[in-house]
Amino acid sequence: MKVSIVKCPDYEQKNIDESIKKAVNHLGGFEKFIKKGDKVLIKPNLLAGKAPEKAVTTHPSLVSAVIKFVKKQGGKPYVGDSPGGATPSREAAKKAGFIEACKNQGAEFIDLSKPMVVKNPNAEKYKNMVLAERLSEMDLVINMPKLKTHALTVMTGAVKNLFGLIPGKRKAQLHLKYSSNLDFSDMLLDIYLYVKPELTIMDAVVGMQGAGPSNGSPIQTSLIIAGEDALGVDYYASMAAGIEHTRIPTMVRAKKRGMLEKKFLLKGEKIKNIRVKYELPHQVGLEVLPDFIKKFFYDKIIPYPKIKPNCVGCSVCAKNCPAETITIRNKKAMIDYSNCISCFCCQELCPYAAIDVKESAFSKLFNFGVKIFHRR
Ligand code: SF4
Ligand code: SF4
């Protein structure tokens, strides 16, 4: 399985077109993936209706480029994602620039809110999956994630991007059902095993570091990362972002499940020449501990959400909290921590960046120990 990394300085359409072409050529070219008449789902990251310069969503210039390449091969491009929260996907897509990209390049933006149930015999946890029904009519999926940090999963990339194929608020139910980051990551890997996107093209031109996936800061990374395997793209993207695999729960679980035994052959740039150090969200390295210790200490070391003074009481967080543990009082959000599962959906979806991720003193101490462990 090949993964390619090419440099791309900015979102100028010409540069994006050239870099994507070069990256996919390393894998065998678009003609290897798309046949005439194929229905192709282009799946960007549409976490929320945010302007492209916020670095929350896949940049629309990449979506435009891929629509053009699909059409050039005679394929029929469809663009779709199901954002987190209650925002209708079309409204979010308009703000993120995807509707304009579809209009200008001649693709249909599709709604992924209608569910279907599928059996996933290869799953470890999520065997009866609810996915977007429109997926069933597609011949192939082009997965287009954005490289970002994530409060729950440390990094969000190609595997995590497939979570957007879970329709609407069902995502919140899965957060509740698989509340630890390792269980949640197993569920993400189950989705990846079922969907198996044929091609992944990651927007790592400007990524997000710190309080990702929606409230961190943009970080210039100047890369397009493409691959035949979504896990392979994450494997190298995390290295490019300077994040150790042992800190990323999907990588930890993938290794344990034998998914990293296949080799990902890197083409294009070498990691040592392009590495950028992403600042991580507050996160603990639970992965390094045996399961029984993790279970015992879990409540004491996981980070938790904290409402900041700039909360305006809009109630977006309360409406999207899977544990229904947020109430609005006197125009301020209040969290009942006895039910909080630290999924950070609230922090992810707050339109005012009014939720912080906090660490307990114990967590800080623990995290310090983990850093020392990783430096050895
Ligand atoms: S924390 Fe954010 S989402 Fe929640 S009520 Fe306050 S402003 Fe709205
Ligand atoms: S308060 Fe926030 S972190 Fe806690 S369960 Fe609700 S959405 Fe998740």
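The figures here come from the full heavy-atom set of this structure, side chains too, leaving out hydrogens, waters and symmetry mates. Both ligands and their constituent atoms are indexed starting at 1 by order of listing.
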Practice item. Please work out which of the three classes, parallel, tilted or perpendicular, describes the rings of His175 and Phe184, given edges at 30° and 60°. Key: parallel
**Study point:** Residue portion contacting ligand 1 (non-hydrogen atoms closer than 4.0 Å) for Asn310
**Key:** neither
Check your understanding: What is the nearest protein non-hydrogen atom to atom 8 (Fe) of ligand 1, stated with its residue, atom name and distance?
Key -> Cys314 SG, 2.3 Å
Practice item. Find the distance between CD1 (Ile16) and CG (Leu62) and round it off to the nearest 0.5 Å. Key: 4.5 Å
Practice item. Tell me yes or no: between the side chains of Asn45 and Thr58, is some donor less than 3.5 Å from an acceptor? Key: no
Practice item. Run the ring-centre check on Tyr337 versus Tyr304 and record whether the distance is less than 6.0 Å. Key: yes
Revision key, fill the gap. Atom 3 (S) of ligand 2: closest protein heavy atom, distance to 0.1 Å, is Phe344 N, 3.2 Å
Review point. Can you name the one residue among Leu162, Ile42, Ile201, Val195 that meets side-chain contact (heavy atoms from CB on, under 4.5 Å) with Asn143?
Key: Leu162
Review point. Are the charged groups of Lys125 and Asp186 less than 4.0 angstrom apart, N to O?
Key: yes
Revision key, fill the gap. Atoms listed for atom 6 (Fe) of ligand 2 (protein only, N, O or S, under 2.8 Å, no waters) are Cys321 SG
Check your understanding: Just which atoms of ligand 1 are under 4.0 Å from any heavy atom in Ile355?
Key -> 1 (S)
Check your understanding: If you measure only the distance, is there a donor-acceptor pair under 3.5 Å linking the side chains of Tyr192 and Asn161?
Key -> no
Check your understanding: If you count the non-hydrogen atoms of other residues, nucleotides and ligands that lie under 6.0 Å from NZ in Lys35, is the total more than 12?
Key -> no
Exercise for review: Would you mind listing which atoms of ligand 1 come within a distance below 4.0 Å of any non-hydrogen atom of Val312?
Suggested key: 6 (Fe), 7 (S)
List the atom pairs, donor and acceptor, that lie under 3.5 Å between side-chain atoms in residues 202-209 and the rest of the protein, sequence neighbours left out.
from   : atom 1 : to     : atom 2 : distance (Å)
Asp203 : OD1    : Tyr11  : OH     : 2.7
Asp203 : OD1    : Val205 : N      : 3.1
Asp203 : OD2    : Tyr11  : OH     : 3.1
Asp203 : OD2    : His59  : N      : 2.9
Asp203 : OD2    : Lys146 : NZ     : 2.8
Gln209 : OE1    : Glu279 : N      : 3.0

Practice item. Please write down residue, atom name and distance for the protein heavy atom closest to atom 6 (Fe) of ligand 1. Key: Cys311 SG, 2.3 Å
Point to revise | Heavy atom of the protein closest to atom 2 (Fe) of ligand 1 (residue, atom name, distance) | key: Cys350 SG, 2.3 Å
Exercise for review: Tell me which part of Pro351 gets within contact of ligand 1: side chain, backbone, both or neither, using heavy atoms under 4.0 Å.
Suggested key: side chain
Practice item. May I ask you to check whether Asp190 and Asn120 show a side-chain donor-acceptor distance below 3.5 Å? Key: no
Practice item. Could you tell me which non-hydrogen atom of Ala55 sits nearest to which non-hydrogen atom of Lys148, and how far apart they are? Key: O-CD, 3.5 Å
Review point. Just which atoms of ligand 1 are under 4.0 Å from any heavy atom in Tyr352?
Key: 7 (S)
Check your understanding: For ligand 1, which atoms, with element, lie under 4.0 Å from some heavy atom of Gly313?
Key -> 5 (S), 6 (Fe)
